[in-house]
Amino acid sequence: MRHEPSSFPSFPIPQASRLSLRYNPRMAEPYDPPQFEPRWQEFWVRERFAATDTAAEKGLYMLMMFPYPSGDLHVGHGRNYILGDCLFRMFLMQGRTVLNPMGWDAFGLPAENAAIKRNIHPREWTIANIGRMKDQFRRWGILYDWDKEITSCEPGYYRWNQWLFNRMLEKGLAYRGKSPVNWCPSCRTVLANEQVIAGECERCGTVVEQRDLEQWFLRITAYADRLLDGLDRLPDWPEKVKIMQRNWIGRSEGAQFTMKIQGREDLPGFEVFTTRPDTSFGMTFAVLAPDHPLVDEITTADHRAKVEAFVDHVRHQTEIDRLSTEGPLEKRGVFTGSHAVNPFTGKPVPIFLADYVLMSYGTGAIMAVPGQDQRDWEFAKAYGLPIVRTVKPPDDWEGEAYVDDGPAINSEWLDGLYKADAVAKATEWLEQRGIGKRKVHYRLRDWLISRQRYWGTPIPVVYCERDGIVAVPDDQLPVLLPADVEFSGVEGNPLERSATFVATTCPRCGRAARRETDTMDTFVDSSWYYARFINPHVADAMLDEGRVRRWMPVDLYIGGVEHAILHLMYARFVYKVLSDFGMVPGDEPFPVLFNQGMIVGKSNITGRLEKMSKSKGNVVAPDALIARYGADTERVYTLFMGPPEKEAEWTDEGVLGAHRFLQRVWALQDVVAGATGRDGERGTDERLRVATHRTVKRVHVDLERYHPNTAIAAMMELVNSISEAQEAAGGGALGEAYETLLRLLHPFAPHATEELWHLAGHEGSLLRAGWPTYDAALLARQRVTLAVQVNGKLRATLDVEPGLDADAAASVARQAVAKWLDGKEVVKVVHVADRMVSLVVKG
RNA sequence: GCCGGAGUGGCGAAAUGGCAGACGCACGGGACUUAAAAUCCCGGGUCCGAAAGGGCGUAAGGGUUCGAAUCCCUUCUCCGGCACCA
């Protein structure tokens with residue numbers, strides 16, 4: 001996030017003499033967090049520090065990705081919530097209005113699986129988990145505005161999924177279509193393209209099968225270009241996420257044209273898409289996908305047996321087999337017996353089928369140019385097909401297909417042109433003759449949202465024998481999940497066996513009709529929840545336009561990089577749809593995104609570092625940790641482990657270090673209590689004040705750039721400075737240092753700092769005590785260390801007044817390194833103010 | 001295979017063109033203690049040297065610069081994403 005330093009409200013640092021005498025001069029109790037942490041947790045809730053009135057105010061909107069309520073949280077889960085809470089508390093101390101809500105992505109398979117296993121309703125299981133997780137947040141000292149809580153499995157939320165679906169249906173953005181889809185036999189449901197990782201189900205790892213089914217889709221491809229272009233206007237997103245989304249959308253520009261089939265004027269031919277129309281003269285064969293609709297028509301009698309065997313073989317391949325690039329090409333294709341006409345040369349080329357041509361991309365058919373495509377080259381070699389180069393490779397070229405730029409050859413009227421010009425001319429030629437046109441294709445496919453499971457939002461349509469597909473009218477929403485279902489685990493969606501649910505009447509004609517039993521992908525729920533947080537209780541609309549216009553977009557969005565494509569792409573898509581409906585401002589929901597890294601632990605099973613999970617046996621539960629060391633220790637260690645965007649390993653020794661630091665802070669109350677009210681030794685007081693103000697600056701800057709690890713290091717240094725100064729410093733400087741430390745440390749260790757603040761005689765909460773500012777003038781007049789280099793090597797460091805000009809700095813530098821200059825000539829002097837002097841000598 | 005990111009002490013790391021290793025962990029030494037734990041103090045990149053001091057050092061090699069962990073090129077290793085995309 002970019003805040004100007006001036007946007008941080010200024011709070012005067014209290015006069016030290018006023019507070020140093022208030023300490024109770026007694027030996028402090030030992031640091032025992034369980035003694036006081038629960039008390040402060042109750043206090044923060046009671047005082048409603050996190051409550052924000054979105055109707056009355058406008059402020060900063062920060063958001064952590066809302067979790068699936070799986071039950072117990074481990075220390076790895078704590079990372080983003082603790083980081084978020086740290087920033088939230090700093091914002092509150094700065095006096096800013098902040099919306100910081102939390103809710104539950106509460107639909108999903110685990111609840112249904114638990115239902116089958118334990119004979120408990122998914123809702124019960126989910127609600128119980130939510131209770132446990134809320135309790136965990138409280139024990140971490142994490143504050144949310146619970147008045148805004150959203151639970152996506154409640155009808156008050158999911159009815160708006162249905163309402164939005166109706167709007168998208170009206171606009172043609174939701175449609176029912178038949179296509180080969182990914183089917184997970186273990187989850188017994190279809191999956192979106194995005195949920196299939198290397199041919200396996202993202203959730204359970206089962207190999208996915210292809211099935212031809214009628215399903216509901218959302219037309220995300222209509223927004224492909226806007227999703228792509230929008231990325232360029234998100235400077236505060238991690239580059240990595242933007243690249244992943246760009247690759248996923250996979251825009252490619254080229255030309256599409258028709259190939260006629262030789263001797264078959266009765267057929268329309270087929271379309272091919274190519275990014276290299278400039279190489280068309282080199283086409284020596286064409287390839288169709290095995291499931292291309294024309295296959296049957298063009299297969300000649302003498303090739304039919306082989307073609308059918310091949311098509312059958314491909315159909316029975318799993319996704320995994322198909323992805324494998326292994327295996328001889330000879331077995332991966334077959335000749336159909338027909339020829340197509342290359343429109344550029346007018347000559348016939350044989351038509352093959354090959355498993356590497358996919359019906360789901362482009363037109364499901366390609367022109368093959370072995371001279372300029374390595375895969376086509378290999379195919380041509382395997383089948384003894386001719387190879388014609390149409391781009392002149394460099395003279396020293398020893399490779400096979402040449403894919404880079406060069407002058408066109410063997411291409412009649414394209415000869416001599418380079419790629420860009422040749423592509424343009426070839427495309428123009430196609431357009432003029434009405435054979436083809438410029439065309440853009442995407443890798444992105446429409447979002448398949450049907451799921452054959454119970455625990456999700458019912459898709460609000462009915463099937464009527466007379467009227468066909470009929471949307472459930474808005475005034476009959478929500479379509480509720482029925483209660484009369486059994487979770488027996490037998491094949492099929494439990495909704496299909498619910499008598500009350502399936503049988504209904506057609507909203508249009510009133511006759512008997514059948515209700516849709518598929519439910520929505522849960523990513524629909526999370527694609528707009530961030531806007532609902534602003535007005536979670538509005539009952540008669542999805543969004544309260546006035547409030548949403550004031551509070552959207554989200555100013556800071558924090559979550560794991562595992563959502564780089566799935567959630568973040570869907571949410572951007574839905575936000576653009578809402579934007580087109582005029583319901584939200586702008587067209588990007590999250591202008592600032594921060595991805596925290598995973599916390600990993602050494603697995604008991606593999607012995608390697610892996611993401612914490614029960615199956616890896618490397619889970620660290622927070623409860624025992626909090627009971628022994630306190631929540632503040634876990635928070636400080638989590639924030640100190642390393643930069644939060646990086647992966648970090650959890651170690652018990654590290655926890656101990658964080659705990660020792662807090663103990664040292666705790667012990668400082670004795671140091672300050674023992675100080676006198678008089679001024680201390682002059683130099684010591686000054687040094688301590690400088691250390692204090694430097695720390696304020698460092699913590700402030702480090703938090704702004706999301707580096708809590710170095711902010712903690714700075715505070716550790718301040719603690720060391722206070723300890724060193726304790727004998728000689730006066731109460732004023734010690735008090736200032738100590739109380740500033742408590743304020744700075746509060747977002748990191750809220751419980752201990754609140755307790756110490758009270759032990760120091762203050763009332764109220766540090767959350768209202770103001771965020772410290774520093775005395776820039778004090779820091780500016782401190783002496784600086786000047787490094788002196790001779791020919792790039794460090795030869796001296798000097799302690800000097802700040803602000804020396806180049807001549808004065810050069811002069812003291814020459815004296816300091818006289819022995820290195822002896823008998824030599826200084827030919828150049830480089831001066832960096834208050835940092836270094838570099839002397840270049842010769843001779 | 002393609003696209004990205006990262007390689008710094010025994011370990012987590014800091015420094016993003018200007019004193020490499022801040023801060024912490026682990027380790028070694030010392031104080032306190034009958035003892036241990038806890039706590040406190042001191043020391044740790046490496047080589048030469050008694051020391052002063054100096055050489056070398058940020059995966060490897062090269063380059064740009066007065067000056068490079070940081071910028072550029074080549075290579076290696078690890079991590080992540082995509083993966084027959086026409």
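Just so we're clear, the structure is a prediction, and the values are computed from it rather than from any experiment. By convention in this document, chain letters (A, B, ...) are assigned in the order of the sequence lines, proteins followed by strands, and residues within each chain are numbered from 1.
- Across all strands, A:A713 comes closer than 4.0 Å to base atoms (heavy-atom distances).
- The separation between A:Q374 atom CD and B:G1 atom P is 13 Å, rounded to whole Å.
- Counted by atom type alone, A:Q372 and A:T390 present one or more donor-acceptor pairs between their side chains at under 3.5 Å.
- On the C1' atoms, B:C82 is 37 Å away from B:G9, given to the nearest whole Å.
- Dashed line: the shortest gap from a side-chain N or O of A:R251 to OP1 or OP2 of B:C85 is not under 4.0 Å.
- When the nucleotides B:C40, B:C19, B:G4 are ranked by their closest atom to the side chain of A:R664, B:C40 comes out on top.
- A donor-acceptor contact closer than 3.5 angstrom is absent between the side chains of A:E562 and A:H567.
- One C1' atom belongs to B:G45, the other to B:A20, and the distance between them is 10 Å to the nearest Å.
- Under the 4.0 Å criterion applied to side-chain N and carboxylate O atoms, A:R694 and A:E717 are not assigned as salt-bridge partners.
- Contact annotation: A:T710 side-chain N/O to B:A22 OP1/OP2 distance is not under 4.0 Å.
- Rounding to the nearest 0.5 angstrom, the gap separating the CG atom in A:L668 from the OG atom in A:S723 is 5.5 Å.
- Distance noted for atom C1' between B:G18 and B:A68: 10 Å (whole Å).
- Regarding contacts with the backbone of B:C19, every side-chain N or O of A:R795 stays at 4.0 angstrom or more from both OP1 and OP2.
- Using cut-offs of 30° and 60° on the angle between ring planes, the pair A:F285 and A:F379 is parallel.
- For the residue pair A:T785 and A:D799, no side-chain donor N or O sits within less than 3.5 Å of a side-chain acceptor on the partner.
- In this structure, of B:U39, B:A14, B:C19, it is B:C19 that holds the atom nearest to the side chain of A:L794.
- Listed nucleotides B:C25, B:A86, B:A15 differ in distance to A:T274; the shortest reach to its side chain belongs to B:A86.
- By the 4.0 Å N-to-carboxylate-O rule, A:E378 lies too far from A:K381 to be salt-bridged with it.
- The closest side-chain heavy-atom distance from A:F523 to A:L566 is below 4.5 Å.
- Inspection of the A:Q596 and A:E645 side chains reveals no N or O donor paired with an N or O acceptor under 3.5 Å.
- For the residue pair A:R572 and A:Q245, a side-chain donor N or O sits within less than 3.5 Å of a side-chain acceptor on the partner.
- Using a 4.0 Å heavy-atom cutoff across all strands shown, A:R698 reaches no nucleic acid atom at all.
- If you take atom P in B:C25 and the same atom in B:U16, they sit 24 Å apart, rounded to whole Å.
- A close approach under 4.0 Å does not occur between any side-chain nitrogen or oxygen of A:K819 and OP1 or OP2 of B:G53.
- At a threshold of 4.0 angstrom between heavy atoms, the contacts of A:W377 with the nucleic acid are absent.
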Quiz prompt | Criterion salt bridge (Lys or Arg N to Asp or Glu O under 4.0 Å) on A:D834 and A:R783, from CA distance to verdict | solution = CA-CA 9 Å; A:D834 293 343; A:R783 293 177 73 83; over 6 Å; no
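- Comparing B:C23, B:A15, B:A26 by their nearest atom to the side chain of A:L656 picks out B:A26.
- For A:E653, taking side-chain heavy atoms from C-beta onward, the closest of the listed nucleotides B:C25, B:G24, B:A86 is B:C25.
- Of the side-chain N and O atoms in A:N709, one or more sit less than 4.0 angstrom from OP1 or OP2 of B:A14.
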Exercise. At under 4.0 Å between heavy atoms, which parts of nucleotides 62-74 of chain B does protein reach? Answer with one letter per nucleotide, 5' to 3': B base, S sugar-phosphate only, - none.
Key: ----BS-------
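- The phosphate of B:A26 (OP1 or OP2) has a side-chain N or O of A:R660 nearer than 4.0 angstrom.
- Along RNA chain B, the nucleotide nearest to A:A658 and the one nearest to A:E649 differ in position, and the one closer to the 5' end is contacted by A:E649.
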Exercise. With pairs defined as Watson-Crick or G-U wobble and both distances under 3.5 angstrom, please note down RNA chain B as a dot-bracket string, | for pairing with another strand.
Key: (((((((..(((.....[....))).(((((.......))))).((((....))))..(((((..]....))))))))))))....
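- Checked against B:C82, B:A22, B:A15, the side chain of A:E717 finds its nearest nucleotide in B:A22.
- Here the separation of B:G67 from B:C19, taken at their C1' atoms, is 12 Å to the nearest Å.
- Side-chain contact check for A:Y361 and A:S252: at least one donor-acceptor pair (N or O, by modelled atom type) lies under 3.5 Å.
- Taking every side-chain heavy atom of A:R705 into account, B:A15 is the closest of B:G54, B:U39, B:A15.
- When each of A:G642 and A:E239 is assigned the nucleotide of RNA chain B bearing its nearest heavy atom, the one mapping closer to the 5' terminus is A:E239.
- For the pair A:I712 CD1 and B:G12 P, the computed distance is 18 Å after rounding to whole Å.
- Between the P atom of B:C25 and the CH2 atom of A:W650 lies a distance of 15 Å, rounded to the nearest Å.
- The shortest distance between the side-chain N/O atoms of A:R443 and the OP1/OP2 oxygens of B:A83 is below 4.0 Å.
- Nucleotides B:A13 and B:G49 are separated by 32 Å at their C1' atoms, to the nearest Å.
- Summarising the geometry, atom CZ belonging to A:R246 is positioned 8.5 Å from atom CD1 belonging to A:I249; distances are rounded to the nearest 0.5 Å.
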Identify the pairs formed between an N or O of the protein and an N or O of nucleotides 77-81 of chain B at a distance under 3.5 Å, and give each distance.
residue	atom	partner	partner atom	Å
B:G80	O2'	A:K240	NZ	3.4

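- Whole-Å rounding puts the A:Y706 OH to B:A13 P distance at 21 Å.
- Among the heavy atoms of the strands lying under 4.0 Å from A:N720 are primed sugar atoms or P, OP1, OP2 only; no base atom is included.
- Separating the CG atom in A:L662 from the OH atom in A:Y637 is a distance of 14.0 Å, to the nearest 0.5 Å.
- Here B:C19 is the nucleotide among B:A86, B:C25, B:C19 with the atom lying nearest to any side-chain atom of A:T785.
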